[in-house]
A.B. asks: 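Please read through the structure below; I'll follow up with questions.
Each chain gets a letter, A, B and so on, in the order its sequence line appears, and its residues count up from 1.
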Protein chains: 2
Amino acid sequence: MPGFRSAEIIAVGSELLTPHRSDTNSLFLTGRLNDLGIDVRSKAIVGDDRANLAALLRQALARADLVVITGGLGPTNDDVTREAVATALDRPLSENDELLAGLRARFASRGMTMPEINRRQAQVPRGAAPLPNSMGSAPGLWIDMAAGERGRAVVLLPGPPRELQPMFDQSVAPRLARESGGRRWRRRVVKLTGRAESQVDEVAQPVYGPFRDGEIPIDTTILAAPGQIELHLSAAGADLEAVDRALDEGVARLAAALVPHVFSVDGRSLEAVVGDLLQSKDLRIAVAESCTAGLVLARLTEVPGSSSWVVGGVVAYANEVKISALGVAPDLMALHGAVSEPVATAMADGVRVRFSADLGLSITGIAGPAGGSPEKPVGTVVIAIATGRAGSSVRTFRFPGDRRMVRQQATSAALDLVRRTLLASN
Amino acid sequence: MPGFRSAEIIAVGSELLTPHRSDTNSLFLTGRLNDLGIDVRSKAIVGDDRANLAALLRQALARADLVVITGGLGPTNDDVTREAVATALDRPLSENDELLAGLRARFASRGMTMPEINRRQAQVPRGAAPLPNSMGSAPGLWIDMAAGERGRAVVLLPGPPRELQPMFDQSVAPRLARESGGRRWRRRVVKLTGRAESQVDEVAQPVYGPFRDGEIPIDTTILAAPGQIELHLSAAGADLEAVDRALDEGVARLAAALVPHVFSVDGRSLEAVVGDLLQSKDLRIAVAESCTAGLVLARLTEVPGSSSWVVGGVVAYANEVKISALGVAPDLMALHGAVSEPVATAMADGVRVRFSADLGLSITGIAGPAGGSPEKPVGTVVIAIATGRAGSSVRTFRFPGDRRMVRQQATSAALDLVRRTLLASN
């Protein structure tokens, strides 16, 4: 018996087509299906429209082994899932006596008579097996496809997460696991910073390209966010040790090709990596921020336990604060300007000494939209690190994008410069 | 010429089929399309799979006037949208010289040579009109369907929200508006802080309930985020002046019922409201942050032009910094603890005086997960404002949730306390 390999998820509900509501059930279901070795190929969200849902279900069954439909199982006229599935599969609805008795008992147990409208929830397409709902009135349904039909099964689940989640775990997952014969997915993430997506891909593609054709094929996806690129590797198999070995080898090859930009291959954030390095070296950091104005310290202190390696710092937004709170010489400011390597160096030194830290980090720049000049356009950012001994450094960057992007990239670049400085001091 | 009535949105990207990522672009697009009187009929999310995307596009065009495809326009092999659309519409790709020149110029302006791989971004299906991307390299595309073809247009937009959103507003919305005639949606947002969603709804529901039955019916939605609640009002009609009048009256009634928690009825963020108040009173603020560690300053300085009313501040993460950089008396710390009203008051005073600001704001608290005690559990946050004269104040809060939520709520509460202090000093 072949296992389930691919799934599609269809979320039903007109409220999911407003600007304010997201379908979150599919995230839960994707996680659970991936764990079972089942790949989610696509997801769809439709309103309470019978014909549209029926058409989508037929198309999904032509592509996937398993189609999971969530929502639309309530008792009202807006709840169209049962009818749409009956239409799409050409399996007429009939009333299931056992379900009806269960619904009546559920209402009776609360001293109520079942409203006639709830009778619709006992209607099931021919051949459908009910899935008990421990948290609500809507039963789920499992429908096995017959030989000659497309797909292998259709599963209908109620929309509310507190009903859907236990139903999936209690009734659907065990059945899928039985029929899927062991195959599981594993994932790895390689994170890096300081390079654009296209630059990373140009180096990485020749490395990961052949991964697809390995004995255990590895899928690779590249994801970009301001100041950070992620390479996601995933592979599936029944022999999980072999899958893990293949992924670890893939990660090692990619990391080797992309040194020194890779900061994490174990899921840790850049700030957590920096924190672990500081902790292991028993060093404490203080930060002087101008254009990032607190973003670097906010990120560092997102890490629980950061109080053992973050002293604090100064947000020197106004130029006079660079002088009064960090001891930058007024002459230096006048001569080179606030956004310059000498001033950044003096800021890093100042915050290190005044906050009694081992490491001083400073960021000064022009985030825009105003403040740029031909020599120092918007996006110019200077980052300095003071150690009080060898290993101090200063660098000038030019970041593209708007105010928000410049600040985010400057924050990542500053954290990465700390990481590299700490690694180099080994 | 008939307007666009119905749309479908297809989000492309294998990362959107993992358990960790949601498609958020479709929420933005749905809001904007609804504003233009266009109904979103369904949404789909597909991986980086050309055949699958091509099939979905053909199906969507059979149902909707407009199909918007987001993502998959990058330069890598994973970016399949251009090819899939060319296949689905049977319109071969060719290189657009103008786009290619633009891409080369974009890289050149940063002193880089365009990687060969980016050349793919200049490929366009026959008859497609490029949409300029002010924020990234990937151009969007607008494709008008010919007579006899299904649908009226296909629009391709880049995946990153900071590229997609301005492109939609600058190039797509005006074109749709031109072709959609008459009926428009209008929206208003009432923003408030310092109250839970259920508390707001209890007060607001009796006010907005009857809005549905007005001459111009108003839809109201309540949205909650940590530290902020929004009430969204929307109404449609061809007589935009009448629609605006009805909405303005609704907003006024809601704001009156929810005073003093409402901080904005014109879309401004809390930090922008605070900034405008400071600016109008010609006052400058300095901030001493402990548990929020830079988040308050980072939010204030997100506002362009904030350098005229933000001096800067101190992140006093370690307790000794509260003493050395803010002048808090060691005895006060020993007697009351770092998270206490006397210490918060001393921090606010210290940062005000040392940074020569008019207003000093301080935040000290226990964000967790560690550091709580029976008297001061995790979530305890003290916020103080020093003015150097009448109007200073200090308040103790207890926020629910994890580290991240406590920090976000503390940040909003601090900004709101500044807002109320400035309003009271009128």
A.B. asks: Is any side-chain heavy atom of B:P75 closer than 4.5 Å to one of A:D201?
C.D. replies: no
A.B. asks: So what's closer than 4.5 Å to chain B heavy atoms on A:A325: side chain, backbone, both or neither?
C.D. replies: side chain
A.B. asks: Just by distance, do the side chain of B:R110 and the backbone of A:R398 share a donor-acceptor pair under 3.5 Å?
C.D. replies: no
A.B. asks: Given a strict heavy-atom distance threshold of 4.5 Å, which part of A:T18 is in contact with chain B: side chain, backbone, both, or neither?
C.D. replies: backbone
A.B. asks: So what's closer than 4.5 Å to chain B heavy atoms on A:E289: side chain, backbone, both or neither?
C.D. replies: neither
A.B. asks: Out of A:G31, A:A44, A:G313, return the one with the most heavy atom pairs under 4.5 angstrom to chain B.
C.D. replies: A:G313
A.B. asks: With a 4.5 angstrom heavy-atom cut-off, could you sort out which part of A:V321 is near chain B: side chain, backbone, both or neither?
C.D. replies: side chain
A.B. asks: Report yes if the side chains of A:F355 and B:S324 come closer than 4.5 Å at any heavy-atom pair, otherwise no.
C.D. replies: no
A.B. asks: Any sub-3.5 Å donor-acceptor pair from B:R162's side-chain atoms to A:D402's backbone N or O?
C.D. replies: no
A.B. asks: Rounded to the nearest 0.5 Å, what separation is found between the CG atom of A:D219 and the CG atom of B:D48?
C.D. replies: 10.0 Å
A.B. asks: Roughly how far, to the nearest 0.5 Å, is the CG atom of A:L56 from the CZ atom of B:R63?
C.D. replies: 5.0 Å
A.B. asks: Any chance you could measure A:D49, atom CG, to B:R41, atom CZ, to the nearest 0.5 Å?
C.D. replies: 8.0 Å
A.B. asks: Could you tell me which portion of B:P304 (side chain, backbone, both or neither) has an atom closer than 4.5 angstrom to a non-hydrogen atom of chain A?
C.D. replies: both
A.B. asks: Can you tell if the side chain of B:V315 reaches within under 4.5 Å of the side chain of A:V287, non-hydrogen atoms only?
C.D. replies: no
A.B. asks: Quick one: of A:V314, A:V46, A:T292, A:V296, who has the most non-hydrogen atom pairs under 4.5 Å with chain B?
C.D. replies: A:V314
A.B. asks: Shorter than 4.5 Å, heavy atoms on both sides: which option in B:V311, B:V310, B:N319 has the most such pairs with chain A?
C.D. replies: B:V311
A.B. asks: Less than 4.5 Å to any heavy atom of chain B: does that hold for the side chain of A:L223, its backbone, both, or neither?
C.D. replies: side chain
A.B. asks: A side-chain contact here means heavy atoms from C-beta on lying under 4.5 Å apart; do B:K43 and A:L17 qualify?
C.D. replies: yes
A.B. asks: Could you have a look at B:R299, B:R354, B:H232 and say which one has the most heavy-atom pairs with chain A under 4.5 angstrom?
C.D. replies: B:H232
A.B. asks: Which answer fits B:L295, side chain, backbone, both or neither, if we ask what part of it has an atom under 4.5 Å from a heavy atom of chain A?
C.D. replies: both
A.B. asks: Looking only at heavy atoms, what is the nearest atom pair of A:S198 and B:P115, with distance?
C.D. replies: OG-CG, 4.2 Å
A.B. asks: Could you give the distance from CZ (B:R58) to CD (A:Q59), rounded to the nearest 0.5 Å?
C.D. replies: 11.0 Å
A.B. asks: Between B:V303 and chain A, with a heavy-atom cut-off of 4.5 Å, which part of the residue counts as in contact: side chain, backbone, both or neither?
C.D. replies: backbone
A.B. asks: To the nearest 0.5 Å, how far apart are CD in A:E197 and CG in B:N118?
C.D. replies: 9.5 Å
A.B. asks: Who pairs with A:T396 by side chain to side chain contact (heavy atoms under 4.5 Å, CB included), at least two apart in sequence or on another chain?
C.D. replies: A:E341, A:T380, A:V382
A.B. asks: Assess whether a salt bridge exists between A:E230 and B:R21, defined as any Lys/Arg side-chain N lying under 4.0 Å from an Asp/Glu carboxylate O.
C.D. replies: no
A.B. asks: For A:T30 and B:P19, work out which heavy atoms get closest and say how close.
C.D. replies: CG2-N, 3.8 Å
A.B. asks: Among B:A11, B:A286, B:G111, B:S306, single out the residue with the greatest number of heavy-atom pairs under 4.5 Å to chain A.
C.D. replies: B:S306
A.B. asks: Most heavy-atom pairs under 4.5 angstrom with chain A, which of B:A318, B:G136, B:A316?
C.D. replies: B:A318
A.B. asks: Quick one: CD1 on A:I45 to CG on B:D23, what's the gap to the nearest 0.5 Å?
C.D. replies: 7.0 Å
A.B. asks: Between B:E302, B:E8, B:R284, who has the most heavy-atom pairs with chain A when the cutoff is under 4.5 Å?
C.D. replies: B:E302
A.B. asks: What part of A:T220 gets within 4.5 angstrom of chain B, counting heavy atoms only: side chain, backbone, both, or neither?
C.D. replies: backbone
A.B. asks: Do B:T301 and A:R407 pair up side chain to side chain, a donor and an acceptor below 3.5 Å, judged on atom types alone?
C.D. replies: yes
A.B. asks: For the interface with chain B, which of A:S307, A:A196, A:S26 has the highest count of heavy-atom pairs at distances below 4.5 Å?
C.D. replies: A:S307
